[in-house]
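Here's the structure we're looking at; comments come further down.
Not measured: the values here are computed from a predicted model. For this chain, numbers begin at 1 and follow the sequence in order. Basis for what follows: all heavy atoms, side chains included, without hydrogens, waters or symmetry-related copies.
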Amino acid sequence: MAEEDGQYVIEIEGLTNTVGAGTVLHRNLNLKVRRDEVMSLVGGSGSGKTQLVRVILGLKRPAAGVVRVFGVDWEHPNPKKVRDARRRMGMLFQNGALYSALTVYDNIAFPLRERGGIAEDDIRAIVNTKLAQVELEPRHGRLLPANLSGGMVKRVSLARALALAPDLLILDEPTAGLDPDRSEGFVRLIKRLREDHRFAVVMVTHDLDTLFELTDRVAVLAEQHIIACDTLSAVRGMDHKFVQNFFGGERGRRALEHDRASGTGDMESRV
């Protein structure tokens with residue numbers, strides 16, 4: 001990641017986001033994501049997590065405010081700067097969003113071919129490398145998405161998201177639909193890839209086990225803006241109804257106990 005990008009990969013300032021006929025979804029929302037962290041985004045149903053991700057990706061124009069990714073405003077007049085910033089992001093969609101008519105190989109190769117200027121032999125080498133990174137083999141490249149298990153869909157989608165070696169990876173409910181064993185395996189995979197490649201992550205999740213395992217900081221989206229952005233231990237102590245409902249109860253205690261048992265320790269020590 002270039003030094004000129006500064007401390008943050010994402011800077012959102014004074015964001016107002018609307019949907020439909022001008023209904024305000026977010027108002028005066030501020031968020032900064034550091035170059036080397038996993039930022040988890042949590043919020044209740046209807047709080048606009050997906051819409052905020054769309055703004056970060058540059059797929060939706062906000063009604064007001066500034067959104068910079070790698071220091072580039074999506075409204076920047078230089079299209080090359082915008083295009084280069086987009087290429088430094090990878091996206092893992094909740095349902096995988098694989099192209100059903102393309103093989104696993106061609107799904108992973110798709111962003112490489114879209115970028116252009118890469119020889120097919122080089123594409124083959126990159127695809128096989130990405131397959132290996134997500135613990136799949138070249139033979140899996142011949143399969144169609146319909147022949148994949150849920151866990152394999154997630155891994156292929158992750159391989160595609162990593163195809164252009166992004167500096168920022170956005171994960172939308174990465175373990176949704178996976179059984180506990182596959183979920184834990186997928187979390188371990190993401191942790192290993194981050195250790196190897198040190199990309200930043202923004203993760204939307206409601207899965208507390210995944211959140212406890214991966215998160216450096218958590219941003220809480222409620223009341224149309226980010227009401228807190230801090231370490232997990234600090235946020236859990238907030239006297240706020242959504243926070244207490246989300247992290248409290250048996251589910252929260254179980255995730256905390258699992259986190260302590262796994263030896264990941266206090267989240268503050270990982271910031």
Side-chain angles (χ1 to χ4, degrees), residues 5-35 37-77 81-82 85-86 88-95 97 161 166-174 176 200-208 210-211 214-232 234-247:
D5 291 336
Q7 183 180 1
Y8 302 105
V9 293
I10 297 173
E11 298 170 275
I12 301 175
E13 300 171 357
L15 175 72
T16 295
N17 200 13
T18 61
V19 293
T23 301
V24 176
L25 185 60
H26 304 130
R27 190 189 306 274
N28 195 30
L29 186 151
N30 300 287
L31 179 66
K32 292 184 178 182
V33 178
R34 297 169 184 160
R35 288 176 49 184
E37 72 173 341
V38 176
M39 172 72 76
S40 289
L41 178 64
V42 302
S45 177
S47 60
K49 301 184 293 296
T50 297
Q51 293 300 322
L52 182 56
V53 167
R54 285 174 56 81
V55 168
I56 292 171
L57 291 169
L59 300 176
K60 178 178 173 60
R61 178 179 294 181
V66 176
V67 179
R68 288 188 294 270
V69 180
F70 305 116
V72 178
D73 190 323
W74 290 139
E75 301 298 319
H76 197 286
K81 284 185 175 291
V82 173
R86 287 185 189 277
R88 296 176 64 185
M89 296 189 296
M91 176 72 196
L92 174 65
F93 296 92
Q94 180 176 345
N95 63 357
D167 294 314
L168 170 62
L169 182 64
I170 298 178
L171 307 174
D172 185 10
E173 300 286 1
V201 175
V202 172
M203 176 174 66
V204 178
T205 185
H206 70 279
D207 180 6
L208 286 177
T210 300
L211 190 147
L214 291 175
T215 300
D216 294 312
R217 290 194 299 155
V218 57
V220 181
L221 180 55
E223 301 168 8
Q224 298 184 318
H225 65 287
I226 301 295
I227 63 170
C229 184
D230 210 329
T231 61
L232 187 51
V235 169
R236 288 180 68 246
M238 284 185 62
D239 184 18
H240 187 278
K241 182 178 180 180
F242 171 78
V243 172
Q244 292 305 309
N245 287 341
F246 187 83
F247 291 104

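- Judged by distance alone, the side chain of His240 and the main-chain N or O of Phe242 form a donor-acceptor pair under 3.5 Å.
- Looking at Val53 and Leu59, their side chains never come closer than 4.5 Å, going by heavy atoms from C-beta outward.
- At a cut-off of 3.5 Å, with distance as the only test, no side-chain donor of His26 or Gln51 sits close to an acceptor on the other residue.
- Using a distance-only test at 3.5 Å, with no hydrogens or angles considered, no donor-acceptor pair links the side chain of Glu11 to the main chain of Val69.
- When atom types are taken as modelled, the side chain of Asp216 and the backbone of Val38 share a donor-acceptor pair closer than 3.5 angstrom.
- Shown here for Lys32 and Arg217, the closest heavy-atom pair between the two residues is O-NH2, 3.0 Å.
- Across all their heavy atoms, Val204 and Pro174 have their closest contact at O-CD, 3.7 Å.
- Looking at every heavy atom in both residues, Cys229 comes nearest to Leu31 through SG-CD1, 4.0 Å.
- For the pair Asp73 and Arg68, the salt-bridge criterion is not met [side-chain N within less than 4.0 Å of a carboxylate O].
- In terms of heavy atoms, Gly14 sits closest to Asn28 at CA-OD1, 3.6 Å.
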Please report the C-alpha distance between Leu25 and Thr18 in whole Å, then the side-chain angles of each, then the deciding distance to 0.1 Å, and finally whether the side chain to side chain contact (heavy atoms under 4.5 Å, CB included) criterion is met.
CA-CA 5 Å; Leu25 185 60; Thr18 61; over 6 Å; no
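- Between Leu15 and Asn30, the closest side-chain pair of non-hydrogen atoms is not below 4.5 Å.
- Results of the side-chain hydrogen bond (donor to acceptor under 3.5 Å, both in side chains) test with Ser40 over Thr215, Thr210, Asp207 single out Thr215 as the only residue that passes.
- Judged by distance alone, the side chain of Thr23 and the main-chain N or O of Gly20 form no donor-acceptor pair under 3.5 Å.
- Formation of a donor-acceptor pair under 3.5 Å by the Lys49 side chain with backbone atoms of Gly43 is found in this model.
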Could you give me the CA-CA distance, side-chain angles and deciding distance for Glu173 and His206, then say whether side chain to side chain contact (heavy atoms under 4.5 Å, CB included) is met?
CA-CA 7 Å; Glu173 300 286 1; His206 70 279; 2.9 Å; yes
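- Of all heavy-atom pairs between Trp74 and Met89, the closest is CZ2-CE, 3.7 Å.
- What you find for Leu169 and Met91 is that their closest heavy atoms are CD1-N, 4.3 Å.
- Both tests hold for Arg88 against Phe70: distance to the six-membered ring centre under 6.0 Å, angle to the ring axis within 45°.
- Checking side-chain atoms of Gln244 against main-chain N and O of Met238 turns up a donor-acceptor pair under 3.5 Å.
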Would Met39 and Arg34 count as a side chain to side chain contact (heavy atoms under 4.5 Å, CB included) here? Give the steps.
CA-CA 8 Å; Met39 172 72 76; Arg34 297 169 184 160; over 6 Å; no
Pair Glu223-Arg27, salt bridge (charged side-chain N to carboxylate O under 4.0 Å, His left out): steps then yes or no:
CA-CA 9 Å; Glu223 301 168 8; Arg27 190 189 306 274; over 6 Å; no
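- A 6.0 Å sphere centred on CZ of Arg86 holds more than 12 heavy atoms belonging to other residues, nucleotides or ligands.
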